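Reading through the C-alpha cells given below for one structure.
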Amino acid sequence: MMSTISLRLNDKEDMLIRKYAELHHVDLSTFIRQTVIEKIEDEYDLTLFNKIWEEEQDQARMSHDAVKRELGL
C-alpha cells in the first residue's frame, strides 16, 4: 500500500526543489522520498556513532608506537 503526504511550500522553495530534481534527472516524488530517508539514516548513524563514542571514552587506549613496542616491532 502506498500513501500520500502533502507538503506546503512557498513558490521559491517549490521552484528550487523542482529544478534540483530536474537537474539530477529524477522525478519529484523519488527525490523527496530519497532525501527524507537519507536524512533519517544520517541522523540514526550519527546517534549510533555518538553512543559508541561515549561508551568508548572510558576505555584505555594505546598509541600506535606503544602497540609496536608491545609487539616488538
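Just so we're clear, the structure is a prediction, and the values are computed from it rather than from any experiment.
- Cluster partners of L23 are absent, since no Ile, Leu, Val, Met, Phe, Trp or Tyr has side-chain heavy atoms less than 4.5 Å from it.
- Atom CE in M62 sits 12.5 Å away from atom NZ in K68 (nearest 0.5 Å).
- Residues D14 and N10 fail the side-chain proximity criterion, which asks for heavy atoms closer than 4.5 Å.
- Within the 4.5 Å cutoff, no side-chain heavy atoms of L46 are placed close to those of L48.
- By the 6.0 Å contact criterion, CD on Q57 is enclosed, its count of non-hydrogen atoms from other residues, nucleotides or ligands being greater than 12.
- D27 and T30 form a side-chain donor-acceptor contact under 3.5 Å, judged by distance and modelled atom types alone.
- Grouping the Ile, Leu, Val, Met, Phe, Trp and Tyr side chains by contacts below 4.5 angstrom, directly or via other members, places L16 apart from V26.
- Heavy atoms from other residues, nucleotides or ligands lying under 6.0 Å from CG of D45 number more than 12.
- To the nearest 0.5 Å, the span separating CD1 on I17 from CD1 on I32 amounts to 5.5 Å.
- Checked for salt-bridge contact, E55 and K51 meet the test: a charged N lies under 4.0 Å from a carboxylate O.
- Residues K12 and M15 form no side-chain contact, since every pair of their non-hydrogen atoms from C-beta on lies 4.5 Å or further apart.
- Ionic pairing of D65 and R69 is not present here: no N-O contact between side-chain nitrogen and carboxylate oxygen is shorter than 4.0 angstrom.
- The hydrophobic clustering, which links ILVMFWY residues whose side-chain heavy atoms are closer than 4.5 Å, places I40 and F31 together.
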